[in-house]
Amino acid sequence: MAVYAELAVTRDQFQQLMAVATSDDAPFDAIVVWKTSRFAVSLEDAISLRDRRRRAGAKLLSVTEKGIDD
C-alpha cells in the first residue's frame with residue numbers, strides 16, 4: 001500500500017503517484033483526496049489527469065465531496 005500525503009508531496013512526487021496510478025500494473029484502483037481542488041493546479045491539468053486516470057481505470061474519490069467518481 002502506498003500513501004502520498006500532501007504535506008510531504010512535492011509536484012515531482014505527485015507526478016510519480018500519477019505514473020504509478022496510470023501504469024499497466026498499478027497497485028491500486030483509486031486515488032483518495034480530501035478535496036479535488038488540491039488535486040490539480042489548473043483546469044487543463046485537471047482534464048489531462050482525469051483522462052489519464054480514466055484510461056487506466058483509476059477512480060478519483062473525495063473524502064468531502066460527492067459525485068467525482070463514486
Side-chain angles (χ1 to χ4, degrees):
M1 179 174 158
V3 176
Y4 298 83
E6 181 180 341
L7 295 175
V9 173
T10 65
R11 198 66 187 164
D12 289 339
Q13 290 171 318
F14 177 77
Q15 293 300 331
Q16 281 183 304
L17 160 68
M18 288 306 298
V20 170
T22 58
S23 68
D24 290 337
D25 57 345
F28 47 85
D29 57 4
I31 299 168
V32 180
V33 297
W34 183 258
K35 293 192 95 168
T36 55
S37 65
R38 307 296 297 153
F39 188 71
V41 295
S42 68
L43 180 57
E44 183 179 348
D45 189 37
I47 292 167
S48 173
L49 292 171
R50 180 203 61 201
D51 292 346
R52 285 175 55 196
R53 277 187 313 95
R54 287 184 175 170
R55 279 194 300 273
K59 290 183 176 185
L60 178 62
L61 304 174
S62 172
V63 173
T64 59
E65 300 164 308
K66 293 286 185 195
I68 307 303
D69 283 339
D70 52 356

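All values reported here derive from a predicted model rather than from experimental measurement.
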Check residues 17-34 and write down every donor-acceptor pair under 3.5 Å in which the side-chain atom is one partner and the other belongs to a residue at least two apart or another chain.
unit_1	atom_1	unit_2	atom_2	d
Thr22	OG1	Met18	O	2.6
Ser23	OG	Val20	O	2.9
Ser23	OG	Asp25	OD1	3.3
Ser23	OG	Ala26	N	3.4

ask   = How many angstroms lie between CG in Leu49 and CD in Gln15, if you round to the nearest 0.5 Å?
value = 7.0 Å
ask   = Which residue pairs satisfy the salt bridge (Lys or Arg N to Asp or Glu O under 4.0 Å) criterion with at least one member in residues 41-51, sequence neighbours excluded?
value = Arg11-Asp45
